[in-house]
Amino acid sequence: MPATVICGLQWGDEGKGKATDLLAAAVSVVVRYQGGDNAGHTVVVGDEVFKLHLIPSGVLHEHITPIIGPGVVVNPRTLLAEMAMLKKRGIATDKLRVSAAAHVIMPYHVALDTAREGAATDGGIGTTKRGIGPAYGDRAGRVGVRMGDLLEPDLLRRRLAAVVEEKNALLVGAYGAAPVDLEALYEEAVGWGEQLADKITDTTALVQRALADGEHMLLEGAQGTMLDLDHGTYPYVTSSNPVAGGACTGSGVGPLQIDEVLGILKAYSTRVGAGPLPTELKDAVGEHLTEVGREYGTTTGRRRRSGWLDLMPLRFAVQVNSASSLMLNKLDILTGLPQLKMCVAYRVDGRLVDSWPLPVAQLERAEPVYETFDGWTEDLGGVRSIAELPKQTRRYMAAIEERAGAPISVVSLGPERNQTIRVDGPRPVRSAA
Ligand code: IMP
């Protein structure tokens, strides 16, 4: 039986948490497949707002087994704090499972990320300073510590002893930062293993068993396609693969076991951190999008940069993710803007460019070519069907579908669970039927 991938088509923060939460009723397993606590999912349930960084938002549903897959990098301090926060608010985490193959974000990874960003002479990447890049670097360099290693104290000591000296040489020698104490770290890491022993397991076996039993699952990505290590705006990217392809390696599901890819986008663009955002607006409209859209990072609190929807990377994202349908979020934020624009091409050094990707250097010089649409003034928060939407809104949606090359199957008009419309018709999102 198949799985559905939920992935971001832009620069992250598209509202993937809401998508997972919405489709959760129809699935029994939710697997997070990449990233770490750099992500932030805000889910609103009635009066309650939950902010999650690591645990899949499916945890908010009792019937779901939330899984942190092998493609994720796990900071055990964050994981334990998130579990404690959920317990305090009456949400059980007994079903949560963490892949033994997921890599551990160690304190030296966080220290190195922070030191590198601080020392960067070119302004840096603007990372979340959660140690993501250094942890994935050690994974690829085969000197990482995996969650399963936390359960083997002797092995853990050997793994740590082999790397801590080198990390300290870097921290102290290259950056003048404080060294990590091997003994204290070892003690803490053994403690993580003890506290998480019943959670750490072979999640690939779990996932495969669930699929063989005919259960349906969601594979939940973090960040977005433009932050993908291979397909994003390198080097202004994260260190993993948010694209749907990453869902296979990051969760232990084979390509033919996936039958749907729900691509998530916002009705406009945002980006947090450094790197090109060709449609960025530094005027009153940009201010409107950031403030009305409450575009502040869940993880770092940083103000997001905002701009018009950019169809160039979106069309590419639909292709590389093989998005079978789209969830369009935050359409309500555009209410009140007299005119709306969508970028349909760029002008680079006097040339018209309508394909993506472009080298970052060209992207930085790219001037957007816009198509203009009439805006609407009606409050969309209470609208519950497509037919009730103003005709200008429907025109804007139709232009997205046509230019992006995929149908919209879900539209979100506010943060609440019920402020969502499932589009009628033969749409590929089975769980939305
Ligand atoms: P890192 O993932 O912390 O290494 O940061 C690399 C880039 O990805 C930076 O520009 C971050 O701002 C961005 N980033 C990481 N996680 C998220 C996210 O969840 N939403 C949006 N941007 C993110």
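Hydrogens, waters and symmetry mates are skipped; everything else that's a heavy atom, side chains included, is used. Values in this document were obtained by computation on a predicted structure and should not be read as measured data. We count ligands from 1, going down the list as the structure has it; atoms in each ligand are counted the same way.
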Requested in this report: State, without any angle test, whether Trp308 and Ser269 hold a side-chain donor-acceptor pair at a distance under 3.5 Å.
Outcome: no

Report task. Could you list the atoms of ligand 1 found under 4.0 angstrom from a heavy atom of Leu227? Result -> 8 (O), 13 (C), 14 (N), 22 (N), 23 (C)

Query - Which segment of Trp11 sits under 4.0 Å of ligand 1 when only heavy atoms are counted - result: backbone

Query - Charged N-O contact under 4.0 Å between Lys266 and Glu295 - result: yes

Query raised in the report: Can an N or O of Ile132 be found at a distance shorter than 3.5 Å from an N or O of ligand 1?
Result: no

**Report entry** Nearest-0.5 Å distance, CD1 of residue Ile258 to OG of residue Ser322
**Finding:** 8.0 Å

Query raised in the report: Looking only at N/O atoms, are Gln223 and ligand 1 under 3.5 Å apart anywhere?
Result: yes

Requested in this report: Fit a plane to each ring of His231 and Phe316, take the angle between them on a 0 to 90° scale, and name the class: parallel (under 30°), tilted (30 to 60°) or perpendicular (over 60°).
Outcome: tilted

Query raised in the report: Do Arg303 and Thr290 come close enough that some side-chain heavy atom pair is under 4.5 Å?
Result: yes

Query raised in the report: Measuring from the heavy atoms of Asp113, does anything fall under 4.0 Å of ligand 1?
Result: no

Report task. Answer yes or no: are there more than 12 heavy-atom neighbours, outside Glu165 itself, under 6.0 Å from its atom CD? Result -> no

Report summary line: of all protein heavy atoms, closest to atom 6 (C) of ligand 1 is Val237 O, 3.3 Å

Report summary line: Note: ligand 1 atoms sitting under 4.0 Å from heavy atoms of Val272 are 10 (O), 11 (C), 12 (O), 21 (C), 22 (N)

Query raised in the report: Within the structure, does Thr128 bring an N/O atom to less than 3.5 angstrom of an N/O atom in ligand 1?
Result: yes

Query - Which residue and heavy atom of the protein sit nearest atom 5 (O) of ligand 1, plus the separation - result: Thr127 CA, 3.4 Å

Query raised in the report: With a 4.0 Å cut-off on heavy atoms, is Arg302 touching ligand 1?
Result: yes

Query raised in the report: Can you tell me which residue and heavy atom of the protein come closest to atom 20 (N) of ligand 1, and the distance to 0.1 Å?
Result: Asp13 OD1, 3.1 Å

Report summary line: re atom 19 (O) of ligand 1, the protein heavy-atom contact at minimum distance is Ala39 CA, 3.3 Å

Query raised in the report: Taking heavy atoms and a distance under 4.0 Å, where does Thr300 meet ligand 1: side chain, backbone, both or neither?
Result: neither

Query raised in the report: Quick one: which of Thr249, Leu227, Asp230, Thr225 gives a side-chain contact (heavy atoms from CB on, under 4.5 Å) with Asn241?
Result: Asp230

Query raised in the report: So does Glu416 have more than 12 non-hydrogen atoms from other groups sitting under 6.0 Å from CD?
Result: yes

**Report entry** ligand 1 contacted by Gly126 (non-hydrogen, < 4.0 Å)
**Finding:** yes

**Report entry** Enclosure of Tyr296 OH (heavy-atom neighbours >12, cutoff 6.0 Å)
**Finding:** yes

**Report entry** Distance-only donor-acceptor check, side chains Thr299 and His53, under 3.5 Å
**Finding:** yes

Requested in this report: Pick one of side chain, backbone, both or neither for how Asn38 approaches ligand 1, counting any non-hydrogen atom pair under 4.0 Å.
Outcome: both

Query raised in the report: Judged by non-hydrogen atoms, does Arg130 sit under 4.0 Å from ligand 1?
Result: no

Report summary line: Result for side chain to side chain donor-acceptor pair (under 3.5 Å) between Ser57 and one of Arg32, Lys18, Glu220 points to Glu220

Query raised in the report: Who's the nearest protein heavy-atom neighbour of atom 2 (O) of ligand 1, and how far?
Result: Thr238 OG1, 2.6 Å

